[in-house]
Amino acid sequence: MKKTATALACTLLTACATQPALTDLTANSGNARSTDQLALDFEKADLQLRVEPSSRSIRGDALLTFGTRAPLDRIDLDLDRNLPIDAIEVDGQPLPAARWRNPEGRLAIQLPQRLEPGKQVAIRVRYHGQPHVAKKAPWDGGFVWATTPDGQPWVASAVEGEGCDLFWPCIDHPMGKPKQVDEHITVPAPLVAAGNGVAMGVTEADGWRTWHWRTKNPSTYGISINVGPYKMLEGSYASRFGNAIPLRMWYLPQHEKGARELFGEFPLVLDFFENTIGPYPFGDEKMGVVETPHKGMEHQTINAYGNGYVKTPYGYDDLLQHEFAHEYFGNQLTNADWDDMWLHEGFGTYMQPLYMQSLRGDQEYFAALMTMRSHIENKAPIVSGKPRREEDVYDTKRGGPGQDIYNKGALVLHTLRGLVGDDTFFRIVRETVYGTNDPHPGNFAPRYGTTPGFMAIARRVSGRDLDWFFQAYLYQAALPELQATRSGDTLQLAWKTEKNTPFPMPVEVRVGQRVVSVPMTDGRGSVAIGTGESWTLDPHSKVLRREERIERYQRYLEEQKKKKAASK
């Protein structure tokens, strides 16, 4: 998800005002899975969705296939209770209405007979209704019912925070991925429905078109609806790993010039990621982008794009690059719990200065990092060490780290890179993403990641105990502070952490024209300084640390914000 932008107003004011409020269970993605859900193997979802722009409603027919690792008498799914259920079948047989209930958004289905390990069950759920409307997509999730400049329907879903249960029965947890999803999206002809994965054909009857798509191992919120009078750009990228990757972009006809220019960036972005991290994880499907009436979202192989085709002063479209980064950090590597969301956003954010360093050089790299540094808040640790829901992470009012999972996460990775060196750092990243240091198309699959798992990979690959590093940067809110005191011809240095944990971070000091590396083995060190010599801590900006000047600037900005609000 993109971290800041002007919010879009609710596109259906009446529905926004009259729709029943979401239950807490539905409004928050990542609730603890029930015992029954923990036992399930989600084999396949076959989703038939009819999108009706005129009534701003949908009709769904979801056929879900599960296996189990334990005997089950019940299947628990997540589905917004505001989407009434018309019928449920189990293995093709109608289930009496008394055998299911959905009071709070967790649909409990009593099976007619016990499901044993080694067996599968097919659950078919037919439902309809007006899906929750997003007021500020993608930050407030739901459906966006908009119109194009020439008045045609333009529909999109963006449900990261609230989850997949806003429009289909699913397991709304990062680890609730189905192994395969078939999408059959029916829309009024001649509208187009751009979907996840591989196009499987289009059928038409009675003025309606059904677009068929198939994808493997999609992230739960990465499944999306994208409907409009689209035109399509297509091409192919010759990967350095020997495969050809389909390139696709769906755009509004009025924006063809901008779309073609953006499409021209696809090969540059792909080449950077394949060179820096490894093979594009979904090369057998596509690199896909679709223009949407909201800002953007990392929907697997069909990233939503609504950035207006605007480039940054760095000369590239940052939203395209950021959302594409999530194909690696989000879709290939998926957080096992929302508490590990920095693995998506911190890595995704760090890819932007790395991209600039690759294309332009060090000036743009450090300029981008400085902008991020000025936004770090340090109100809560990046990682709490306990299960969390999405909003518990993104909302600082709930005690979450908020935007620090982006900016601070990126600077933590920059610091780790400086500590262990480029070769070791990028091997750590590669093994975290793929589970192997030698990824090639066909020898890896999407995987789940945790912060402790990342720490273990870093420890093994570097051959160093780095727990002190991660404890200070990920599990403590305040940044390590480098205290420097000059006494005569000696500069005394000492690290201080919020919880007084060890922090033997080496640091460079420029003394006059020479640079001295101080080991800081026990968190302390000293440097000899001659008479009249000046000194600079960390002259090459390698280490993320507390800096009072930035805190003072942030206080100033906050004061100006309060004054502006008071004057209104």
Side-chain angles (χ1 to χ4, degrees), residues 1-19 21-22 24 27-29 132-144 146 158-162 292-297 304 306-308 310 312-314 318-319 322 338 341-342 345-346 348-349 352 367-382 384 388-411 476-479 481 498 544 546-568:
M1 180 187 291
K2 193 64 179 176
K3 48 183 181 271
T4 56
T6 302
L8 295 176
C10 178
T11 58
L12 181 58
L13 296 177
T14 301
C16 288
T18 61
Q19 278 189 313
L22 299 176
D24 181 74
N28 292 277
S29 181
H132 180 72
V133 174
K135 297 179 182 178
K136 299 177 181 179
W139 302 276
D140 172 83
F143 264 59
V144 179
V159 297
E160 179 183 338
E162 292 75 7
T292 56
H294 64 83
K295 186 71 172 180
M297 179 60 66
N307 201 34
V310 176
T312 70
Y314 298 91
D318 60 340
L319 188 133
H322 178 84
W338 284 107
M341 189 59 180
W342 82 279
E345 302 296 6
T349 301
Q352 296 197 308
L369 289 180
M370 183 58 199
T371 299
M372 295 174 190
R373 177 65 185 89
S374 66
H375 289 97
I376 295 176
E377 297 183 291
N378 302 310
K379 291 182 178 179
I382 293 178
S384 71
R388 282 189 159 185
R389 303 181 300 181
E390 193 264 2
E391 282 302 314
D392 298 331
V393 175
Y394 276 91
D395 190 347
T396 56
K397 293 180 181 178
R398 297 192 190 188
Q403 301 304 309
D404 277 1
I405 63 174
Y406 297 82
N407 301 311
K408 188 174 180 179
L411 267 296
Q476 298 178 35
L479 289 173
E481 181 179 359
E498 179 183 10
L544 175 62
R546 183 190 177 198
E547 295 182 83
E548 202 280 331
R549 60 186 173 85
I550 292 178
E551 295 175 1
R552 183 168 58 247
Y553 174 69
Q554 291 173 333
R555 289 193 296 269
Y556 164 78
L557 292 180
E558 187 62 29
E559 290 170 1
Q560 295 304 304
K561 183 179 178 181
K562 290 179 180 178
K563 289 179 181 179
K564 185 177 180 179
S567 65
K568 291 183 178 179

Pairwise distance NZ(Lys568) to NZ(Lys563) - rounded to 0.5 angstrom:
16.0 Å
Could you pull out the closest heavy-atom pair between Gly142 and Ala134, with the gap in Å?
N-CB, 3.7 Å
Under the 3.5 angstrom rule, does the side chain of Glu498 hit a backbone N or O of Ala478 as a donor-acceptor pair?
yes
Got a donor-acceptor contact below 3.5 angstrom from the Asp395 side chain to the Glu391 backbone?
no
First locate atom CE of Met372, then atom CD of Gln403, and finally report the distance between them rounded to the nearest 0.5 Å.
12.0 Å
Return the minimal non-hydrogen interatomic distance between Ser374 and Thr371, and the atom names on each side.
OG-O, 2.8 Å
Close side-chain approach of Glu162 and Asp140, heavy atoms under 4.5 Å:
yes
Using side-chain heavy atoms (C-beta onward) and a distance below 4.5 Å, is Thr396 in contact with Asp404?
no
Tell me whether Ser567 contacts the main-chain N or O of Lys564 through its side chain, where contact means a donor paired with an acceptor under 3.5 Å.
yes
Exercise: identify the closest heavy-atom pair between Asn378 and Ile376:
OD1-CG2, 3.3 Å
Hey, is Glu548 close enough to Arg555 for a salt bridge, meaning N to O under 4.0 Å?
yes
Mind checking whether Asn407 and Arg373 have side chains closer than 4.5 Å, heavy atoms only?
no
If you define the side chain from C-beta out and look only at heavy atoms, does anything of Trp342 sit under 4.5 Å from Val393?
no
Taking side chain as C-beta onward, heavy atoms only, is Met341 less than 4.5 Å from Glu160?
yes
With heavy-atom distances below 4.5 Å as the criterion, would you say the side chains of Lys561 and Leu557 are in contact?
no
I'd like to know whether His322 forms a side chain to side chain contact (heavy atoms under 4.5 Å, CB included) with Asn307, so could you lay out the CA-CA distance, the side-chain angles of the two residues, the decisive distance to 0.1 Å, and finally the verdict.
CA-CA 12 Å; His322 178 84; Asn307 201 34; over 6 Å; no
Residues Arg546 and Leu479: closest non-hydrogen pair is N-CB, 3.6 Å
In short, Thr292 meets Ala304 closest at the heavy-atom pair CG2-CB, 3.6 Å
Check whether any side-chain N or O of Trp338 sits under 3.5 Å from a backbone N or O of Asp392 as a donor-acceptor pair, and report yes or no.
no
So Lys408 and Leu544, do their side chains get closer than 4.5 Å, heavy atoms only?
yes
Run the side chain to side chain contact (heavy atoms under 4.5 Å, CB included) check on Arg552 and Glu547 step by step: do they pass?
CA-CA 9 Å; Arg552 183 168 58 247; Glu547 295 182 83; over 6 Å; no
Counting C-beta onward and ignoring hydrogens, is there a side-chain heavy-atom pair between Gln352 and Thr312 closer than 4.5 Å?
no
Mind listing the closest non-hydrogen atom pair of Ala410 and Thr349 along with its distance?
CB-CG2, 3.9 Å
